[in-house]
Amino acid sequence: MSDGIALISTFSSDDECAQGIEALHRAHVHDFSAFAPFPSEKILEATSEARGQGRSPVRWWVLTGGITGILTAIALTVGTSYEWNLNVGGRPIASIPPYIIIMFELMILMGGLSGLLGFLFHSCLPAFDSAAGYRSRFGADKFGLVVRCAENEVSRLESLLRDAGAEDIAREAVITQGVPSHH
Amino acid sequence: MSANQPASLGAAAVRPLRAPVQVNWQRLNTIAIALLAIGLIGLVAALGAGQADRVWQTWLVNLLYFMGIAQAGVVCSCAFYLVQGRWAGSVPYRLAESFWLFLPLAVVLFAGVFIGRDHIFPWITHPLPPNRTVWLNVPFLFARDGAALLIMALLSAWFVGASRGPDAVRWTNSASDIEMPPPALRRLAPIIAILYCFTYSLFAFDLVMSLSPQWHSTLFGWWFFATCFWSAAVAMAFSAVQFRRLLGPGNAFTAPTILHDYGKLVFAFSVFWIYLSFAQYLVIWYGDFPAETFFLLVRLWHAPWSPLGWLAPILIWVVPFTVLMSVRSKKTPRILGTVAVLGLIGVWDLYYILIVPALSPNKLPFGWVELCVTAGFLGAFILCALPGLRIVASAAAPGADGGE
Amino acid sequence: MSDGLSRRSFLKLAATAGAAAAIPGCEPAARKIIPYVVPDENVIPGVPTFYATTCSECPAGCGLVARVREGRVIKLEGNPADPISQGSICARGQASLQGLYNPDRLGKPHKRAEDGSLQEIAWDQATKEFNDRLAAAAEAGKDRIAFIGASQGPTLDKVTALWLQAYGSARLAFWERIGEEPARAAADACFGRRDLPLYKLDQAETIISFGADFLETWGSPVEYTRQYADFRTPRMRKGGLTLGKAAYVSARLGSTGARCDEWVAANPGTEGAVAMAVLNVVVNQGWISRDSGVAADAVKNFAAAYDPHTVSEQSGVPVDTINKLGAWFGQADGAVALPGGDDPQTYIAAYILNAVTGNVGRTMVFLDGSPAEAVTRPDQVKTVIQAIRDGQVDVVVVAGGANPVYSMPPAWGFAAALKRVPFVAWMGDAPDETAAAAHLLLPVHHALESWRDTAPRAGVYGLGQPVMQPVFPSRALHDVLIESAHLGAGASAQSIPWENASDAVNAAWQDLQGKLAPDSTGQAFWDDARRKGGVFREAKPAAVKLGSAVLAQKLQPKAASSGPLTLAAFPHIFFYDGRGANKSWLQEIPEPVSQIVWDGWAEMHPDTAAQLGIKESYESTRLYAGIDVVQIDTPNGPIETAVHITSLVKPGVIAMPIGQGHSSYGRYAAGRGANLWAYLPEGTRSLGVQARKTEKRHQLVTPMGKGDMMGRSIIEAMSIGDLVKGVVPEVEGEPHLEGVPHEMYEPFKYTGHKWGMTVDVNSCTGCSACVAACYAENNIGVEGKDNVALGRIMSWIRVERFIPRADEESHGPLLYIAPIMCQQCDHAPCEPVCPVFASSHTSEGLNAQIYNRCIGTRFCENNCPYKVRRFNWYAPEWPEPLNLQLNPDVTVRGAGVMEKCTFCIQRITTAEINARTENRNLVDGEIIPACAQACPARAITFGDLNDPNSAVLKRRADNKLRNYTMLPENNALPQVTYLRTLYREKA
Amino acid sequence: MAAAVETNLQPSYIDIDRNVQRAMAPGGLKYWLWVAFCAFLTALGMIFWTNQIYKGLGVTGYGQPNMWAVYITDFVFWVGIAHSGTLISAILFLFRVRWRTAVYRCAETMTVFAVLTAGLFPLIHLGRVWFFYWCVPYPNERFLQPDFRSPLVWDFFAISTYLTISTVFLFTGLIPDLANAREVSTGWRKTLYTILSFGWQGTDRQWRNFSMVYLLLAGFATPLVLSVHSVVSWDFAMTQLPGWHSTIFAPYFVAGAIFSGCGLVLTLIIPMRKLMKIEDLVTIWHLDNLAKVVLLTSLIITYSYATESFMVWYTQDPIEIMTFNQRYYGPQGYLFWMMVACNCAIPLLLFIPRIRTNTVCLFIISIFVNIGMWLERFVIIAGSLATNTEPSQWRFYVPKLTEVVITVGSFGWFLMNFSLFAKFMPIVSMTELKEGIGWLRHAVRETYPYRKAA
């Protein structure tokens with residue numbers, strides 16, 4: 001993308017922020033990112049509406065992890081039992097009922113861990129270079145909406161955002177592609 | 001509505017409805033009466049044909065089955081009050097309470113168990129050692145269970161009355177502001193819930209476990225009322241799907257997440273059910289006490305019962321679990337409806353294999369007798385449910401204040 | 001993990017190893033050590049050698065076979081060739097190993113200094129001192145030297161006598177407190193011969209024991225246990241399957257009484273009177289045998305004084321019981337009365353009873369050519385002691401295990417007398433009370449280290465040979481004596497023609513060869529005797545006749561002397577006269593009936609206890625059998641002891657075990673209970689006493705939690721009536737699931753062997769030989785009193801004792817007693833719970849425990865219905881040289897490991913390996929676990945369940961009705977089955 | 001409490017931040033003395049454990065048949081404590097229960113450290129602890145593996161999974177709050193939070209994935225929490241021991257776990273909210289709801305006790321009857337009755353709203369709950385073993401000093417960890433409080449009268 005201007009608008013409520021996003025959506029501006037101190041449903045719905053995204057792909061990580069876990073457990077329990085073929089208390093060599101527990105636990109373990117990895121991967125964390133337009137208050141009590149646009153669009157978008165209820169809009173020249181963007 | 005995914009998706013899953021259909025209550029009514037008639041005729045015929053054993057055993061199966069659905073439905077409503085759930089207005093409450101009218105009838109039908117007791121309870125024909133007859137003897141058993149049924153019926157009546165009252169309805173429909181449900185319900189709900197656990201454990205021990213007197217499982221009572229609860233959940237899910245179809249666009253059941261919520265209810269308690277079942281199976285499998293293992297072996301690992309034995313967990317857990325795992329299928333009426341119907345069949349099958357093998361471990365009696373008796377009960381149940389369902393219909397009708 | 005042999009003990013092992021080389025031809029020359037670098041063809045490392053010898057723990061004189069590994073004897077077993085033991089020995093015999101390896105044995109000669117302390121001195125210095133003293137005494141005049149010792153067999157006793165002669169003295173006493181005098185005196189009075197009769201219990205239909213604990217210590221326990229088991233096995237008599245009738249007349253039940261039909265609780269000391277009353281009944285009923293050759297009326301008059309009523313008052317035995325005993329005895333086809341205690345009158349009564357019913361020569365037999373009396377008569381012993389007291393003796397030599405200071409009657413005042421003697425020499429292995437009073441202590445060989453011969457009875461010539469090199473630098477007692485005789489006696493030296501003890505024995509056997517096998521050569525005879533452990537011949541029964549004189553005299557059985565309560569002392573089954581008390585196995589194995597360990601105690605009936613204001617108030621969190629202490633005032637001073645309240649003793653009687661109360665007998669015997677010999681007058685074991693409760697408390701410890709079976713199917717009994725009728729007994733808790741499947745798992749296939757065991761509870765007497773054998777074979781640790789109280793006893797096999805509930809008394813045995821070991825379950829509940837497979841099943845059906853894999857979760861024991869697994873709470877310890885006894889074939893378990901019985905798997909594997917190397921199949925009976933091997937009653941049968949002809953299967957099949965498994969409701973499918981004990985319904 | 005707080009009935013986002021940040025302010029002398037005291041207890045426990053390893057388990061009161069006793073009791077107790085955390089943070093999250101927001105972080109922290117503590121006891125309990133890793137499947141030249149049939153191996157899997165997942169869950173929830181803390185803190189703390197917060201900035205994409213993973217973790221943690229204590233209960237239920245072998249154990253232990261857990265949450269949070277001055281984040285309303293959970297679970301375990309006893313009487317099995325007879329009337333019967341008082345009777349007081357809303361009463365009741373649940377495990381474990389199938393092997397267990405000290409030490413260890421965490425990490429979730437600020441305001445309003453009364 002070519003360098004441009006980043007409009008950093010600050011909102012005091014997530015409703016307004018969401019409205020801002022919808023406004024941008026209507027204006028076919030999609031090169032933005034929203035900041036919030038908590039996972040506001042309104043904002044998330046608005047963004048996924050705007051970006052036309054489905055649900056987060058992290059769930060596939062979890063599913064894969066879970067299945068891997070079950071398979072590992074089957075291999076481990078049944079495999080080692082047949083490796084040794086020991087008669088313990090007259091129980092069958094492959095005593096499925098007890099092994100189910102191992103399968104369950106490993107499913108949870110691997111599913112959970114791969115979920116964490118998926119989350120970090122898709123949120124491109126850890127990332128210690130601060131994204132363009134990030135303000136520390138966005139982590140506390142304010143909601144931010146950072147739009148990147150060419151100079152000629154600035155005024156239109158500013159008014160658009162003000163109508164949505166932005167209480168303050170700052171401009172910042174974008175040096176490089178700073179807004180994280182992946183899915 | 002659910003905290004963590006956009007509602008839009010639900011809408012996407014739901015196919016747009018055709019023009020509004022008028023619910024034909026009359027047809028339902030006649031069908032019910034017809035079933036009842038079949039039942040009565042079959043009953044007489046079977047008794048005439050000397051099939052008393054099968055008649056009364058099936059009688060017990062059906063009594064427990066429908067009674068369970070009706071009572072657990074009421075308890076479901078209690079639970080909604082206890083967690084102060086108001087996400088779908090009053091409709092879920094109405095639906096949960098809609099079957100309650102079967103309860104008073106159940107008290108009457110319980111007489112059938114008394115009449116057929118010799119065909120049901122082996123400890124009557126083969127007396128137990130004296131120290132056990134203290135608990136297992138005819139007068140005491142029927143006295144306590146009858147009384148329990150009666151009390152539950154009365155309390156439920158009281159509760160449903162209060163719950164359909166104006167304040168309650170107002171409270172359920174005012175999701176936004178924070179206040180307590182009406183005092184009567186605040187007090188009744190926990191009482192009924194607690195009594196439900198104790199009385200249905202009692203029925204589990206008296207009317208199911210005592211059929212194989214050597215056998216016992218401490219979890220059985222808990223497991224039994226959990227099963228009843230699940231059967232009520234699927235019954236509600238099923239009705240919800242039907243209403244959604246019948247009541248036309250804009251009815252309460254078209255709300256994006258209500259099916260999803262029923263789906264989640266069915267899913268969650270199906271998982272809980274398999275957990276309780278596994279907890280019993282594993283302990284008995286591992287413990288290796290003949291006095292415990294035979295109960296499972298007869299039902300799961302030996303002809304002729306094993307197919308029916310495995311059918312129950314498949315319909316109650318495998319199908320709902322695998323099918324309803326995804327949000328989409330939870331929200332798709334047809335899928336949810338099918339799962340619910342299968343679930344209802346599964347629970348009936350479960351009660352059947354709990355009761356009948358205890359009395360004929362080595363042969364599987366199933367035929368017209370069972371079908372007729374069941375048909376009769378179904379008819380009676382529908383008749384009892386109709387008034388409640390009509391109320392649901394009116395509450396959920398498009399534009400009614402029952403919606404969100 | 002720890003393989004049990006610390007480096008140090010391994011060196012010891014290597015040191016002693018070479019010894020074995022020389023043992024076969026065990027000449028003194030063999031003292032030199034042969035190092036392993038020069039392998040000796042006689043010692044193959046890892047392969048045991050067996051040596052026959054004889055047991056010295058009691059006068060019964062059982063034959064032994066010693067199992068020797070790398071020069072260390074590690075296990076003693078009965079000598080199958082020996083007619084007395086016939087391959088089994090009792091717990092005391094098993095434990096004599098601990099006498100050999102006793103950590104408190106005297107290592108070197110010691111001399112007592114002025115200040116009373118002991119100083120170690122060299123051997124030659126010690127012998128010099130010894131000989132000088134003797135010489136000086138001999139100088140001083142005749143009979144200035146006294147020898148008090150325990151009999152060492154005919155030859156060596158002769159040597160002793162000659163040695164004493166050489167020093168011009170005849171003051172010789174072979175001392176046993178539990179002596180033969182009453183029996184001999186009675187035999188003399190009745191039949192005019194002073195020898196001991198031989199009893200054939202298996203020939204009898206009725207046995208009445210008048211205070212003779214013949215299953216515990218009386219006479220020849222191993223032999224009698226074997227015979228009794230035979231007698232109690234149902235057999236055809238008078239055309240029907242019957243159970244031998246047995247009654248035990250005594251104030252305390254004891255394990256002998258526990259096995260009888262009737263326990264006749266008589267006042268202590270009145271057993272003789274009861275016998276006379278029985279005689280009275282027998283006579284009046286005219287049950288006198290025609291051919292007994294006694295005048296009926298003479299007997300009638302004789303017995304007249306003892307009509308049941310008077311005796312009943314005197315003895316506290318109901319009249320109809322006496323009549324019943326009379327009927328049992330008189331009508332029996334073969335009966336025997338066994339007299340016990342120290343009162344000759346009891347013996348006379350019993351002998352007459354046997355004689356008039358024609359059982360002498362049948363169940364009670366005198367043999368021709370009985371050996372001479374080994375034990376000196378008490379009156380002669382008394383003269384010796386009198387002389388000592390009168391200062392006519394300068395030197396007293398106490399030797400060979402006699403412990404007169406401990407065991408002599410108080411009235412004799414031996415201890416006091418000994419103080420006046422200028423020089424007391426003690427020669428023995430483990431220093432005891434007498435050693436504590438001696439001036440010179442000489443360590444001599446243990447019986448298993450020295451040459452001896454024994455003559456327990458006519459026809460039995462036992463040969464005791466050393467089975468290993470001495471553990472300590474001790475010397476053979478008679479080597480020292482012979483040497484000193486040669487030194488000191490000058491002219492009379494020729495009186496002892498032999499160089500040393502082995503020569504003496506050898507020479508004696510040359511003569512014997514002349515007598516017994518004139519056609520054999522001396523050497524062949526000698527080698528054969530050494531191989532077999534002696535020479536065994538059938539002895540001819542002597543024809544004896546009841547003398548009429550005895551019938552003329554009037555018997556005066558000693559009634560219990562005056563006093564509100566009566567103290568009845570009984571020899572502890574494991575300590576005998578006290579010599580067993582320094583062996584940790586015998587201290588730790590519970591006394592079968594009281595189940596008390598590591599202690600002395602006073603048994604009281606609840607009523608008696610109540611009178612003294614004592615209630616059962618045991619802390620149920622600890623394993624206590626009693627805590628309240630009473631003071632018992634006897635004529636010879638007070639005894640303080642803790643009370644064990646039990647219904648198994650007669651009201652008004654205080655029963656106390658003999659054998660504890662050692663003031664100086666090593667660490668294991670120290671500070672336990674009271675020495676009753678110090679209170680009992682000569683010739684009786686009961687005493688009128690007063691008792692009062694004190695405020696003191698002392699814990700009597702038992703490994704037994706509850707003595708009540710709570711109606712569970714653990715030890716089962718059935719009546720002989722049901723057996724005859726073929727009624728299958730109802731089993732508590734067995735689920736009735738006919739027609740419905742109830743087997744959760746596919747049964748495993750056991751191709752090849754499948755080991756199983758059957759225990760006949762009806763034969764078991766609770767003698768605990770199996771337990772001792774298991775300790776010896778499997779390196780089981782000894783935990784001590786405090787740990788037993790915490791439930792940490794390690795025995796893999798335990799003898800369990802349950803007292804029947806009041807409602808069972810009419811239809812059940814007097815006590816439920818059975819050995820319980822791992823049941824080797826097919827569905828072993830202990831196995832699947834182990835996280836690391838430490839407990840798993842072998843392909844031969846054994847419930848194996850892999851010690852090295854065990855991490856000590858102790859889950860297996862939680863899930864064991866029989867609670868037969870044992871956990872090592874501490875690392876086990878064997879004070880040196882006890883560690884030399886450890887069986888190299890069995891791992892020594894470290895701390896934190898679970899251990900258990902595996903049917904002596906080391907024996908199974910050894911046998912299998914042998915079979916494989918010899919390229920043959922295993923023979924049934926080739927493998928015998930230690931417990932089965934030791935059992936004198938042959939109650940335990942082991943074998944292959946896959947072998948249709950195995951003895952174990954046969955035994956089960958022959959006793960279908962009696963065969964059962966413990967706790968069937970658990971469905972653990974044990975491979976050990978039990979045979980129900982039999983009882984006779986009370987009318 | 002501070003007047004400033006008193007008047008503020010409309011807490012804003014910033015108020016939430018301020019409160020939490022104040023709670024994270026460096027601790028004073030009192031705080032460090034307390035931590036030192038906990039450390040001391042821990043050290044004491046360690047010393048006794050070392051001695052036990054050196055000398056063998058003989059130093060304890062253990063013996064035949066009491067193969068399991070205090071250590072396993074402690075183990076079950078601590079695992080149980082852990083469960084409330086997951087319940088509050090995961091199950092109530094799924095059920096969209098609002099009051100969890102203020103307490104869940106605290107409860108979840110408790111979970112992690114409780115599991116950490118619980119995990120020690122199986123090791124302390126082992127006869128040969130140096131071989132504990134044999135329970136773990138790991139590659140080795142002989143391919144020796146554990147027996148997956150053994151409940152103890154299930155335990156290993158369940159506990160370690162539980163520890164991992166609840167740590168992940170806790171950490172995931174922490175990230176946004178740590179980012180928040182990062183912005184306001186300075187010095188080494190800033191570095192610490194920067195690293196731990198992974199550079200979180202709260203963009204919509206991050207939140208999207210965050211919400212999803214959080215939901216899924218909650219969805220996983222819920223069955224996990226059931227499974228963990230079920231598995232623990234199966235250590236007992238799988239055996240044939242009368243008093244242990246019972247099908248109801250799994251759900252009954254889970255309920256008991258949540259009961260005891262919520263009890264301990266109350267015990268910890270009531271003093272903590274005072275000391276850290278976060279009363280208007282963790283309000284009476286929150287405590288009230290916690291108390292309701294305690295009440296509910298108390299009813300469930302009462303039901304379980306009742307069923308267990310009834311079933312024994314119903315079957316008339318002589319062995320079971322004897323075991324339960326001993327449990328009620330045996331030499332240690334008083335423990336059972338104390339347990340019933342603490343677990344069944346006293347919690348019934350919570351039916352009374354006045355008591356539910358009185359912190360002092362709640363605190364006292366919560367203490368009883370903790371005692372009662374410890375006793376329950378002891379009665380079941382030690383008591384049943386003492387009265388086993390073989391009467392000759394009956395013996396009741398009494399602990400010796402070692403067990404007592406190690407148990408006390410475990411409390412020290414737990415409290416030390418918890419106190420350190422509470423000081424250095426945001427012990428209340430700012431994110432979730434902000435998300436549900438409406439409910440927080442409601443809570444403050446609800447609480448206002450009580451606060452005035454106080």
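We use all heavy atoms of the structure for the numbers below, so side chains are in, but hydrogens, waters and symmetry mates are not. So that the names make sense, note that chain A is the first sequence line, chain B the second, and so on, each numbered from 1.
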Name the member of [options] that forms the most heavy-atom pairs with chain D at distances under 4.5 Å.
{"options": "C:Glu831, C:Arg853, C:Gln595, C:Arg801", "answer": "C:Arg853"}
{"options": "C:Pro835, C:Gly896, C:Gly856", "answer": "C:Pro835"}
{"options": "C:Asn971, C:Asn863, C:Asn872, C:Val833", "answer": "C:Asn863"}
{"options": "C:Ala838, C:Cys854, C:Ala875", "answer": "C:Cys854"}

[X] [atom1] to [Y] [atom2] distance, which is reported to the nearest 0.5 Å:
{"X": "D:Trp394", "Y": "C:Met704", "atom1": "CH2", "atom2": "CE", "value": "12.0 Å"}
{"X": "C:Thr857", "Y": "D:Arg128", "atom1": "OG1", "atom2": "CZ", "value": "11.5 Å"}
{"X": "D:Thr389", "Y": "C:Arg712", "atom1": "OG1", "atom2": "CZ", "value": "7.0 Å"}

Using non-hydrogen atoms and a 4.5 Å limit, figure out which bit of [X] sits close to chain D: side chain, backbone, both or neither.
{"X": "C:Leu790", "result": "both"}
{"X": "C:Met966", "result": "neither"}
{"X": "C:Ile793", "result": "neither"}
{"X": "C:Met709", "result": "backbone"}
{"X": "C:Asp708", "result": "backbone"}
{"X": "C:Phe859", "result": "both"}
{"X": "C:Pro865", "result": "both"}
{"X": "C:Ile714", "result": "side chain"}

Heavy atoms only: give me the nearest [X]-[Y] pair and the separation to one decimal.
{"X": "D:Gln393", "Y": "C:Pro703", "answer": "NE2-O, 4.4 Å"}
{"X": "C:Phe802", "Y": "D:Pro391", "answer": "CE2-CB, 4.3 Å"}
{"X": "C:Glu800", "Y": "D:Ser392", "answer": "OE2-OG, 2.7 Å"}

key: Within 6.0 Å of CZ in D:Phe132, more than 12 heavy atoms from elsewhere   = no
inquiry  = I need the single residue from C:Arg858, C:Arg869, C:Glu861 that forms a side-chain hydrogen bond (donor to acceptor under 3.5 Å, both in side chains) with D:Gln64. Which is it?
reply    = C:Glu861
message = For D:Trp154, which atoms come within 4.5 Å of any heavy atom of chain C: side chain, backbone, both, or neither?
response = neither
D:Trp244 side chain to C:Asn862 backbone, donor-acceptor under 3.5 Å = no
task = Ignoring hydrogens and angles, tell me if any N or O in the side chain of D:Gln240 forms a donor-acceptor pair with the backbone of C:Asn970 under 3.5 Å.
result = yes
Sub-4.5 Å heavy-atom contacts with chain C: which residues of [range] show up?
{"range": "residues 144-152 of chain D", "answer": "D:Leu144, D:Gln145, D:Pro146, D:Asp147, D:Arg149, D:Ser150, D:Pro151, D:Leu152"}
{"range": "residues 320-330 of chain D", "answer": "D:Met322"}
{"range": "residues 46-62 of chain D", "answer": "D:Lys55, D:Gly56, D:Leu57, D:Gly58, D:Val59, D:Thr60, D:Gly61, D:Tyr62"}
{"range": "residues 378-386 of chain D", "answer": "D:Leu385"}

request  = Would you mind reporting whether C:Ile855 and D:Cys135 have side-chain heavy atoms less than 4.5 Å apart?
outcome  = yes
key: Top contributor to chain C contacts, counting heavy-atom pairs under 4.5 Å, from D:Ile319, D:Leu241, D:Val153, D:Asp317   = D:Ile319
query = Salt bridge or not for C:Arg798 and D:Glu390, using N-O below 4.0 Å?
reply = yes
